[in-house]
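Worksheet: one structure, shown below.
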Amino acid sequence: MRYNTYENYTKITAISDFNLKKTFECGQCFRWNVDENGVYTGVAFGKAAKIWTEGTSICISGREDDFLSYWRDYFDLDRDYSAIRESLCVDNYMRKATTFGAGIRILRQNKWEALCSFIISQCNNIPRIKGIVEALCREFGEPIEFDGKIYYSFPGSDTIAKLTPEQLAPIRSGFRASYIVGAAKAIEEGYLDMDALAEGSYESALKALKKLKGVGDKVANCVILFGLNMLNAFPVDVWMKRTISEHYDKSFTPDVFGEYAGIAQQYMFYYARSGQEEIGA
DNA sequence: AAACAGGCCTAAA
DNA sequence: TTTAGGCCTGTT
């Protein structure tokens, strides 16, 4: 990866495996939106940015220190995804899935935001998840003026912990409201230390997260993968169940993919969701 | 209109 | 330990 910094943006050159559409639309995040010119705008860790493709380069608005302090890490730019993809080609199906999904990168999202977002995701579809998350930010986040518009940060767990589920009514999250407040309180009251979880083992993180009401195996694994950035976490939802049963037998375990099983999961999920699977099968 | 959507909880075998 | 039914809400 190389980059050049200009007055108000950074241009990333010589990078493989970075496709904006695949990265933002593979289902791992909910706050990036594309306009008619293919420019994505979003907010992460309280900073708004625009990001777009120019030929084989990718540009991110902002100054060099923002790029170096935040975006480089957020987009996991120093990881060699093409080598990982190759290592995941354990069979013909994975060769197809990784080829199809080449360009996906796993974002290093804020831990609390990932927890809250994936609590919201349960039994929901993506448009509604995005709607609830945006409402949460609009109602309780901090306004950020950027490019002539107002965006909102994701509210901190300290803010949400002070609310009652009833006060979350405007975001229309339904039965998830009490889960959201409960998770925020667990953090603020010291029962859950997500920074510490990130330093510990996968098993201990899973156990700690599942103690929260509204967090089961699937949500916990999403949080571990996208929030704690443990790339062996392997969330299994209805789509993954389907695709696993179609391509593997009962003895399947994510261990066959090794330490990057979570990335394998994301390729499988994206491939399954695309509907391309059956076509070439 | 009834079923479903990227689960989870609780109660009951 | 596994399994059904219910859950907020919005969309089809």
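Computed from heavy atoms alone, side chains included, the values below leave out hydrogens, waters and symmetry copies. Numbers restart at 1 for each chain; the letters A, B, ... are given by sequence-line order, proteins then strands.
The distance between atom CD1 of Ile129(A) and atom P of dT11(C), rounded to the nearest whole Å, is 14 Å. Summarising the geometry, the separation between CZ on Arg242(A) and C1' on dA5(B) is reported as 11 Å, rounded to the nearest angstrom. Following rounding to the nearest Å, Leu115(A) (CG) and dG6(B) (P) show an atom-to-atom distance of 20 Å. Distance CD1 (Ile132(A)) to P (dG10(C)): 8 Å, rounded to an integer number of Å. Between the C1' atom of dA5(B) and the CD atom of Gln122(A) lies a distance of 12 Å, rounded to the nearest Å. The CG atom of Asp237(A) sits 14 Å away from the C1' atom of dC8(B) (whole-angstrom rounding). One interatomic measurement links the two molecules: CZ of Phe175(A) to C1' of dT9(C), which rounds to 9 Å at whole-angstrom precision. Between the CZ atom of Arg176(A) and the C1' atom of dC8(C) there is a distance of 6 Å, given to the nearest Å.
Between the C1' atoms of dA3(B) and dC8(C), the separation comes to 15 Å (whole Å). Remark: the separation of the C1' atoms in dG6(B) and dT2(C) is 23 Å, to the nearest Å. Rounded to the nearest Å, the gap between the P atom of dG6(C) and that of dA2(B) is 16 Å.
Using a 4.0 Å heavy-atom criterion, one finds that Ile126(A) contacts the bases of the nucleic acid, with or without backbone contacts as well. As judged by a 4.0 angstrom heavy-atom cut-off over every strand, Leu168(A) is placed among residues making no nucleic acid contact. Nucleic acid contact for Gly27(A): base, since at least one base atom lies under 4.0 Å from a heavy atom of the residue.
Comparing Cys29(A) and Lys213(A) along DNA chain B, the residue whose closest nucleotide (by nearest heavy atom) sits nearer the 5' end is Cys29(A).
At least one donor-acceptor pair under 3.5 Å links the side chain of Ser153(A) to the backbone N or O of Glu142(A). The closest donor-acceptor contact from the side chain of Thr41(A) to the backbone of Val34(A) lies at 3.5 Å or more, if one exists at all. Between the side chain of Asn37(A) and the backbone N or O of Val39(A) there is no donor-acceptor pair closer than 3.5 Å.
The base of dC8(C) lies outside donor-acceptor range of the side chain of Arg172(A), with no N or O pair under 3.5 Å. Applying the 3.5 Å distance criterion, the base of dG6(B) shares a donor-acceptor pair with the side chain of Arg273(A). Remark: the Lys218(A) side chain and the dG6(B) base include a donor-acceptor N/O pair separated by less than 3.5 Å.
Within the shown strands, nothing qualifies as a pairing partner of dC8(C) under the Watson-Crick or G-U definition with both distances less than 3.5 Å.
Both the sub-6.0 Å distance and the 45° axial angle are satisfied by Arg105(A) relative to the ring of Phe18(A).
For an aromatic pair to be called close, the ring centres must be under 6.0 Å apart, and Phe45(A) with Tyr74(A) satisfies this.
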